[in-house]
Amino acid sequence: MKDIINAIEDASIKIKNLIETGDTGKSENENSTGDTQLKLDIASDQIIEDIFAKIPSIKQIVSEEQDSIIDLNEKGEYLIAYDPLDGSSLVDVNLSVGSIYGIYKGNFDAKSIIASVYVVFGPRVEMVVASDNCVKMYRLLSNEFKYIQDIKLNQKGKLNAPGSTQNCWAPYHKALIDDIFNDGYRLRYSGGMVPDLHQILLKGGGLFSYPGTSDRPKGKLRQLFEVFPFALTYEYAGGKAIDGLKNVLEVETTHIHDTTPCFFGSNEEINRVLKVYKENAE
Ligand code: P6P
C-alpha cells in the first residue's frame, strides 16, 4: 500500500498548488449527487485519476466527481473511493478544505474498507493515515510529508460540530445538540467535513453530526468516500462512528453515491447519541 500513499502525497502537492493558483469558478457540469462542479473539483479529480492510473495495485476507483466505477488494472488488489476536494466551495472564502480516500479490498462496501487517508489543505498541509488499527499524522515540510504524531481520542471531548439544516432536525436531535452545548461544549463548524473532523481528532474529542433530516432523510455525506473512511479513522483513534442506531460500518451500500446519516466522536458523546436515538427509534 506504500505505493498508494506515495501517489496520494504526489497528488496532494499538485492539488495544493492548484488551490493556490487555480480558477475557483463554477464549471458547466453537475456531479452525480447534483452538486454544481467547480473547476477545482474537476481539475483535482483529474490529478488523482492520472496518478492512480499508473499504480498497478489499484484495480478500480470511484470518485465523487464521476458517475461510475473506473476500471484501472484487472489484476489490481485495491479499490479506492475518493472525494478529490471536499468542501471546495470554501476555497474562495479562504477556509480549509480536504481530500478523502477510502481504500477497500474486494468490494466497495463498509466491511471491505482496510485503510483510509485524508489530506487537509489549510495553513499547513497535513495527511492522516488510518491503517493497522492506528492513526498517523504527517505534515508537508519542504515539499515532503514528514511523520509528526499518532492521533488518539480521549473518552470525552469539548467540541461540538452540528451539521445539516437546523430547521429540518428532528425535535429529539435538536434537544440532544442543545443539551451538549448546555454542558459547555464549544461550537466548531466550518462546513468543511475534513477540517471539522480533523480539529476534533487533534483537540482530543467531541462530536461531529450530520443526521438524517426532514429534507435529507438519508443525510448528505457519501458513504464510500466520506463517511466510511472517517469512520475507520475515528475507530482506530479510539472513538466511534454511528448512523444514530448502529456502527456506521454496518451500513449497506446499494449505489456508489449512497449517503448515510453519520455521527463521529469520542465514546462518551457517541453513547449520548445512541441513547437518544434508541429512545426515539420508530
Ligand atoms: P452543510 C461540503 O459540501 C460537505 O459535503 C462536507 O464537507 C460538509 O461537512 C457538509 O457538506 C456541510 O454541509 O449542509 O452543513 O452546509
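A quick note: this is a predicted structure, and the numbers were derived from the prediction, not measured. Whatever order the structure lists them in is the order used to number ligands and atoms, beginning at 1.
- The backbone N or O of Ser112 lies less than 3.5 Å from a partner atom in the side chain of Asp109, making a donor-acceptor pair.
- Counting protein heavy atoms only, atom 15 (O) of ligand 1 is closest to Tyr189 OH, 2.5 Å.
- Using a 4.0 Å cut-off between heavy atoms, Ser89 makes no contact with ligand 1 at all.
- Only the side chain of Leu221 comes within 4.0 Å of ligand 1, judged by heavy-atom distances.
- Residue-ligand proximity, Ser164 to ligand 1, at heavy-atom distances under 4.0 Å covers atoms 15 (O).
- Within a 6.0 Å sphere centred on CG of Asn182, other residues, nucleotides and ligands contribute more than 12 heavy atoms.
- Contact check for Met127 versus Lys136: no side-chain heavy atoms found under the 4.5 Å cut-off.
- Proximity of Arg222 to ligand 1, defined as any heavy-atom pair under 4.0 Å, is confined to the side chain (atoms from C-beta onward).
- When side chains are defined from C-beta on, Tyr78 does not count as touching Lys59, because their heavy atoms never get closer than 4.5 Å.
- With ligand atoms numbered from 1 in the order given, ligand 1 contributes 7 (O) to contacts under 4.0 Å with heavy atoms of Gly192.
- No heavy atom of Thr165 sits closer than 4.0 Å to any atom of ligand 1.
- Thr253 and Gln223 share a side-chain donor-acceptor pair at under 3.5 Å.
- Atom 8 (C) of ligand 1 has as its closest protein heavy atom Gly191 O, 3.2 Å.
- Ring geometry for His255 versus His257: interplanar angle of 30 to 60°, hence tilted.
- Nearest to atom 16 (O) of ligand 1 by heavy-atom distance, out of Arg216, Gln166, Lys220, is Lys220.
- If you check which protein heavy atom lies closest to atom 7 (O) of ligand 1, you get Asp86 OD2, 2.4 Å.
- Between Glu279 and Lys275 there is a salt bridge, since a side-chain N of the basic residue sits under 4.0 Å from a carboxylate O of the acidic one.
- Protein heavy atom in closest approach to atom 14 (O) of ligand 1: Tyr210 OH, 2.6 Å.
- Ring centroid separation for the pair Tyr172 and Tyr277 comes in under the 6.0 Å cut-off.
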